[in-house]
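Written below as structure tokens is the structure these notes are about.
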Amino acid sequence: MNEETNKKEISAIKGTKDILPQEARYWQVAEATARQIFELYGYRELRAPVIEPTELFEKGTGASSDIVTKEMYTFVDKGGRSITLRPEYTPSVVRAIIEHRLDLQPQPLRFYYIGPMFRYDKPQKGRYRQFHQIDIEVFGEKDPAVDAEIVEMAHHLLKKLGVEKVETLVNSVGCKKCRPAYGQALRQAARAVKDRLCPDCQRKAEINPLRIFDCKVETCREAAATFPLITEYLCEECRTHFEQFRSYLDFYGINYRIDPTLVRGLDYYTKTAFEIVTEHLGAQNAICGGGRYDDMVKEFGGPDLCGIGFAMGVERLLSVARITTPKESFVYIAYLGEEAKKKSLATAREWRQKGVECLVEFKDRNMKAHFSRANKIGADWVLIIGENELARGLFQLKDMNNSQQYEGTNEELLKIVKQKGKQDAST
RNA sequence: GUGAGUGUAGCUCAAGGGUUAGAGCACCGGACUGUGGAUCCGGUGGUUGGGGGUUCGAAUCCCCUCACUCACCCCA
């Protein structure tokens with residue numbers, strides 16, 4: 001290490017951040033709520049490793065995708081294997097299904113998972129290099145009713161977390177049968193007007209003409225308006241699937257907008273694609289994205305098992321959620337003198353075993369300092385153990401919220417604290 | 001990877017070439033030796049992101065670099 005790096009303070013890696021206790025409370029609520037709701041729909045947690053063989057994503061996510069070509073955290077381990085920190089979760093689930101022959105279990109299979117993902121992107125609002133996703137997948141269910149059900153489930157979760165003013169975008173990206181014809185028609189149309197496109201779009205015309213739809217340049221928009229839409233090219237099966245998907249959304253009363261230019265970034269989607277966006281997130285406005293991937297398991301050499309799922313970005317979710325965190329309540333034990341200190345430790349131990357949060361601080365303080373400290377750190381109760389208390393076998397307990405003070409035995413005071421805690425929980 | 005903006009105390013911000021870089025909040029202590037919040041007083045805390053240059057003199061001007069923020073590409 002040279003002198004310069006030595007001087008530099010060590011800080012969190014670019015695009016990563018610490019979640020401090022106050023903020024972690026919100027994460028805990030969001031995660032617990034997601035688990036609770038997914039379980040209501042019959043989903044079960046499946047935890048896969050954070051690191052996977054690099055080829056899993058090259059095959060699954062797609063060798064030509066942006067994620068694989070420029071955003072993966074890849075390294076060679078001591079055994080010479082190429083390892084990648086997962087940039088998304090779906091390929092891991094597919095691998096686990098094949099590896100453990102989960103396809104032999106009664107279908108459909110429903111899984112969820114919450115955890116960190118890694119992409120070497122340039123960080124900006126709502127985008128980090130280590131970010132977190134809430135991910136669900138369903139395997140072995142072809143019925144478009146399930147497509148609508150996961151959208152409904154996503155809305156259920158968003159509503160529960162107080163997320164408002166979201167818009168749901170839906171599309172069908174077709175399948176192996178109908179998508180190539182559309183791609184050809186689109187490319188042809190793009191080439192025909194190439195000289196009217198901005199330099200960026202001229203490049204897109206060859207690589208990914210669908211992206212031209214997103215361009216903000218006026219001439220490009222005019223040109224794109226004349227391009228064919230995927231909806232006009234869907235085969236019979238995909239069109240029917242899309243129609244039924246939408247009719248189930250109508251059945252659930254979910255408002256949506258058909259966006260024929262919605263493609264999603266990943267190569268593997270078939271038929272249904274959807275996104276839930278919000279206006280409060282800046283450029284990265286998608287809080288949830290998902291779709292169907294009916295060919296992926298088979299392409300991995302597994303059984304012919306269709307799949308569908310979505311991923312929610314936890315950071316983005318939390319930035320628009322309105323979460324109330326549970327009230328915390330704890331007892332600060334104020335002791336005076338060495339003998340009382342020992343008594344405090346024993347009392348704290350006993351009360352904790354009975355489910356009451358207690359704090360004893362190992363610093364000699366006078367009574368005023370004890371109370372000042374207890375107030376500062378937000379204690380709801382102060383239990384006083386001093387010489388008088390030791391002599392009489394009766395402690396003092398003060399309710400910091402209303403200044404009421406009680407005198408009583410260990411058991412009596414414990415009962416008061418637990419009783420009040422119950423009242424708070426029920427209101 | 002490209003572009004723009006911003007970097008001064010833990011946080012929010014002053015000082016815009018001229019003594020020793022300040023304030024509020026926060027933190028610690030005292031006024032107040034068995035009862036918190038208020039008030040008053042005091043204290044800790046900075047190589048002004050880092051390096052180089054111009055200058056008698058740089059937080060201030062110039063160059064480089066790093067970090068953060070936002071945007072592009074793309075995505076959660």
Side-chain angles (χ1 to χ4, degrees), chain A residues 3-17 20 61 64-71 87-90 114-135 154 198-201 203-204 207-208 210-211 214-217 262-266 275-278 281-290 309-320 332 334-337 340 363-389 396-405:
Chain A
E3 222 171 295
E4 202 172 314
T5 50
N6 223 348
K7 251 192 255 176
K8 206 178 279 179
E9 202 176 309
I10 297 175
S11 58
I13 288 170
K14 183 200 269 282
T16 71
K17 60 175 184 175
L20 303 178
T61 308
S64 67
S65 68
D66 273 39
I67 289 180
V68 171
T69 54
K70 54 183 200 189
E71 295 174 6
E88 57 147 346
Y89 197 61
T90 308
I114 304 172
M117 307 291 155
F118 305 85
R119 292 184 199 170
Y120 194 86
D121 244 347
K122 190 137 179 180
Q124 64 187 69
K125 188 179 177 71
R127 187 160 73 196
Y128 307 96
R129 288 187 172 176
Q130 175 177 336
F131 62 103
H132 298 76
Q133 287 188 332
I134 297 175
D135 190 282
C198 71
D200 212 27
C201 285
R203 194 172 45 82
K204 289 184 201 165
I207 306 162
N208 191 354
L210 273 165
R211 283 281 150 216
D214 302 332
C215 189
K216 280 130 198 156
V217 177
L262 175 69
V263 282
R264 318 257 346 107
L266 309 172
E275 222 169 66
I276 300 177
V277 300
T278 165
L281 273 172
Q284 269 62 48
N285 63 350
I287 49 180
C288 179
F310 68 68
M312 248 186 223
V314 181
E315 285 82 358
R316 293 181 188 181
L317 182 62
L318 286 172
S319 70
V320 294
Y332 177 96
Y335 64 85
L336 295 170
K363 189 173 181 196
D364 286 326
R365 292 190 164 103
N366 60 39
M367 197 50 70
K368 186 172 188 68
H370 270 307
F371 271 89
S372 178
R373 174 72 183 164
N375 182 61
K376 182 156 290 167
I377 61 181
D380 292 85
W381 304 94
V382 173
L383 180 67
I384 302 168
I385 304 179
E387 286 163 23
N388 300 344
E389 286 75 14
Q396 305 284 329
L397 177 73
K398 181 164 181 177
D399 184 334
M400 295 295 279
N401 296 311
N402 60 15
S403 294
Q404 252 192 68
Q405 192 155 316

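Numbered from 1 within each chain, the chains take letters A, B, ... in sequence-line order. It should be emphasised that the depicted structure is a prediction, and the values quoted were computed from it without experimental measurement.
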* For A:G282, which contact category applies under a 4.0 Å heavy-atom criterion: base, sugar-phosphate, or nothing? -> sugar-phosphate
* Structure fact -> Mate of B:G37 across any strand shown (Watson-Crick or G-U wobble, both atom pairs under 3.5 Å) is none
* Side-chain-base donor-acceptor pair under 3.5 Å for A:E71 and B:G1 -> no
* **Selected nucleotide, minimal atom distance to A:K363 side chain, candidates B:G37, B:G34, B:C28** => B:C28
* Report which part of the nucleic acid A:K125 touches: base, sugar-phosphate, or nothing (heavy-atom distance under 4.0 Å, all strands). => sugar-phosphate
* Which whole number of Å gives the distance between the C1' atom of B:A58 and that of B:U48? -> 11 Å
* salt bridge (charged side-chain N to carboxylate O under 4.0 Å, His left out) partners of A:R129, counting only residues at least two apart -> none
* Separation between the P atoms of B:G37 and B:C32, rounded to whole Å -> 14 Å
* Structure fact -> Result for 5'-nearest mapping on RNA chain B, choosing between A:Q404 and A:Y120, is A:Y120
* Given B:C73, B:G36, B:A76, the nucleotide with the shortest approach to the side chain of A:F371 -> B:G36
* To do: Report yes or no: is there a donor-acceptor pair, N or O only, under 3.5 Å between the side chain of A:S11 and the base of B:G49?
  => no
* C1' spacing across the pair B:G7 / B:A14, given as an integer number of angstrom -> 15 Å
* **A:F131 side chain, from C-beta outward: closest of B:G37, B:A76, B:C74** => B:A76
* Taking the side chain of A:D121 as heavy atoms from C-beta outward, which of B:C74, B:U35, B:C28 is closest to it? -> B:C74
* Has A:E387 got more than 12 heavy atoms of other residues, nucleotides or ligands less than 6.0 Å from its CD? -> no
* Asked: To the side chain of A:E389, which of B:G34, B:G36, B:A76 is closest?
  -> B:G34
* To do: For nucleotides B:C72 and B:C13, find the distance between their P atoms and express it as a whole number of Å.
  => 25 Å
* Counter-base of B:G43, judged by Watson-Crick or G-U geometry with both distances under 3.5 Å -> B:C27
* Do A:K368 and B:U35 share a donor-acceptor pair, side chain to base, under 3.5 Å? -> no
* Looking only at N and O atoms, is any donor in the side chain of A:R119 or the base of B:C74 less than 3.5 Å from an acceptor on the other one? -> no
* Asked: A:S372 side chain: which of B:G3, B:C73, B:G36 is closest?
  -> B:G36
* Structure fact -> Ranking B:G34, B:C72, B:A67 by distance to the side chain of A:K14, first place goes to B:A67
* Asked: So which nucleotide does B:U6 pair with, by the Watson-Crick or G-U wobble rule with both distances under 3.5 Å?
  -> B:A67
* **Presence of donor-acceptor pair under 3.5 Å, side chain of A:Q396 and base of B:U35** => no
* To do: Could you say whether A:G386 or A:K376 is positioned toward the 5' end of RNA chain B, judged by the nucleotide with the nearest heavy atom to each?
  => A:K376
* Asked: Regarding A:K17 and the six-membered ring of A:Y128, is the cationic atom NZ or CZ under 6.0 Å from the ring centre and inside 45° of its axis?
  -> yes
* Quick one: which of B:C70, B:A76, B:G34 gets closest to the side chain of A:Q124? -> B:C70
* Verdict with reasoning, A:Q124 to A:Q284, per side-chain hydrogen bond (donor to acceptor under 3.5 Å, both in side chains) -> CA-CA 9 Å; A:Q124 64 187 69; A:Q284 269 62 48; 2.7 Å; yes
* Asked: Watson-Crick or G-U wobble partner for B:C73, using a 3.5 Å limit on both distances?
  -> none
* Structure fact -> Paired to B:A58 by Watson-Crick or G-U wobble criteria (both distances under 3.5 Å) is none
* Asked: Of the nucleotides B:C70, B:A76, B:G34, which one has an atom closest to the side chain of A:K122?
  -> B:C70
* Asked: For B:G22, is chi within 90° of 0 (syn) or not (anti)?
  -> anti
* With a 4.0 Å cut-off on heavy atoms, is A:I384 in touch with a base, just the backbone sugar-phosphate, or nothing at all? -> base
* Reference residue A:Y332; test side-chain contact (heavy atoms from CB on, under 4.5 Å); the match among A:L383, A:I384, A:I377, A:D380 -> A:I377
